[in-house]
Amino acid sequence: MTYSRPQIILHWVVFVLIAAQFIGHEPIRGAFDTWMKGGEIGFSPMVAGHVAGGLLVLLFALVRLGLRRKHGVPPLPEGQGAATRMLAHLTHGVLYGLMILMPVSGAVAWFGSNAFAAYAHGVMRFAMLGFVALHVIGALYHQFVLKDGLMARMKRSRSRVT
């Protein structure tokens, strides 16, 4: 069993969006700091892109959760121990939580001029980096050490039907 085509596409689209969020972090941070100190900020495509990208991550994360519910997910490869299974489920759960909480906290910070939400958003930024790294390391471990074909589930869909 593999993921459905929409699940695969959304996985990679969200990956690109999250990567872009990290690249575009500094312009919005500077604009937010200026705004909170009473300064004026003009239109910035980087700031607008960060806001729009964050809202898209939120939307697509919710769609992905719906697709998981509708289509399910492939089982982990045979022979995975309880600790490995728990780590995989924990990592995915935290990543989904962050894909929802980060855009919400960012929107509250930006649109509500809320310094605490901005602080929480910044803390979650480091958590996101850590869990994305853990996710990538896990995928590479399966691909090159265990050689169990786990990554193939995210490269080709089980059917052409969406």
Side-chain angles (χ1 to χ4, degrees), residues 3-69 71 73-74 76 84 86-145 150-157:
Y3 288 95
S4 69
R5 178 169 293 211
Q7 286 173 304
I8 293 170
I9 291 168
L10 283 173
H11 174 274
W12 294 111
V13 167
V14 169
F15 169 77
V16 168
L17 284 170
I18 289 172
Q21 293 304 91
F22 280 95
I23 293 167
H25 169 74
E26 288 306 316
I28 196 160
R29 182 177 181 184
F32 184 78
D33 289 344
T34 299
W35 177 257
M36 292 302 287
K37 292 176 184 169
E40 296 212 15
I41 54 172
F43 176 78
S44 164
M46 291 294 287
V47 169
H50 189 86
V51 172
L55 295 174
L56 284 172
V57 168
L58 173 61
L59 173 66
F60 292 156
L62 295 173
V63 171
R64 287 179 67 188
L65 286 170
L67 289 171
R68 282 177 74 95
R69 184 179 171 125
H71 296 290
V73 297
L76 291 173
T84 302
M86 186 207 53
L87 185 59
H89 291 301
L90 174 71
T91 301
H92 284 102
V94 170
L95 283 170
Y96 273 102
L98 289 169
M99 286 187 286
I100 293 168
L101 292 173
M102 284 193 73
V104 168
S105 66
V108 169
W110 185 253
F111 296 112
S113 301
N114 188 303
F116 178 76
Y119 174 78
H121 189 74
V123 169
M124 285 187 275
R125 177 176 174 247
F126 292 106
M128 178 68 87
L129 277 173
F131 278 92
V132 165
L134 185 61
H135 183 66
V136 170
I137 289 166
L140 294 173
Y141 178 75
H142 278 275
Q143 183 70 20
F144 298 111
V145 176
L150 182 95
M151 285 180 62
R153 305 177 327 162
M154 196 48 71
K155 290 194 281 188
R156 60 181 179 271
S157 66

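Numbers here simply count residues along the sequence, with the first being 1.
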| note | Contacts of Phe43 meeting side-chain contact (heavy atoms from CB on, under 4.5 Å) (sequence neighbours excluded), chain-then-number -> Pro45, Ala48
| field | Under the side-chain contact (heavy atoms from CB on, under 4.5 Å) test, residues paired with Val136 that sit two or more places apart | value |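 Val136 satisfies side-chain contact (heavy atoms from CB on, under 4.5 Å) with Val132, Leu140 once adjacent residues are dropped.
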Least distance between heavy atoms, [X] atom then [Y] atom:
X	Y	value
Ser4	His71	OG-CD2, 3.8 Å
Pro103	Leu58	CB-CB, 3.6 Å
Ala109	Ala117	N-CB, 3.7 Å
Ile41	Ala31	CG2-O, 3.5 Å
Val108	Asn114	O-CB, 3.6 Å
Gly53	Gln21	CA-OE1, 3.7 Å

Below 3.5 Å, can you tabulate the donor-acceptor pairs from side chains in residues 95-102 to any protein atom, sequence neighbours excluded?
| unit_1 | atom_1 | unit_2 | atom_2 | d |
| --- | --- | --- | --- | --- |
| Tyr96 | OH | Arg64 | NE | 3.4 |
| Tyr96 | OH | Arg64 | NH2 | 3.4 |

As an exercise, state the distance from [atom1] of [X] to [atom2] of [Y], rounded to the nearest 0.5 Å.
X	Y	atom1	atom2	result
Met124	Leu129	CE	CG	13.0 Å
His11	Leu67	NE2	CG	13.5 Å
Arg68	His92	CZ	NE2	6.5 Å
Leu134	Thr91	CG	OG1	4.0 Å
His50	Glu26	NE2	CD	10.0 Å
His135	Phe15	NE2	CZ	9.0 Å

| said: Any non-hydrogen side-chain atom of Arg125 less than 4.5 Å from a side-chain atom of Phe22? | reply: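 Contact flag for Arg125/Phe22 side chains = yes.
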| query | Is the shortest heavy-atom distance from the side chain of Val63 to the side chain of Leu10 under 4.5 Å? | reply | yes
| message | Could you work out, with ring pair (Phe, Tyr, Trp, His ring centres under 6.0 Å) as the rule, every residue matching His89, not counting sequence neighbours? | response | none
| request: Tell me, with the steps shown, if Met154 and Trp12 meet side-chain contact (heavy atoms from CB on, under 4.5 Å). | output: CA-CA 9 Å; Met154 196 48 71; Trp12 294 111; 3.6 Å; yes
| request: Scan for side chain to side chain donor-acceptor pair (under 3.5 Å) pairs involving residues 100-111, sequence neighbours excluded, and state none if there are none. | output: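 Every side chain to side chain donor-acceptor pair (under 3.5 Å) pair that includes a residue of residues 100-111, provided the two are not neighbours, is Ser105-His121.
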| field | side-chain hydrogen bond (donor to acceptor under 3.5 Å, both in side chains) partners for Trp35, two or more places apart | value | Ser113
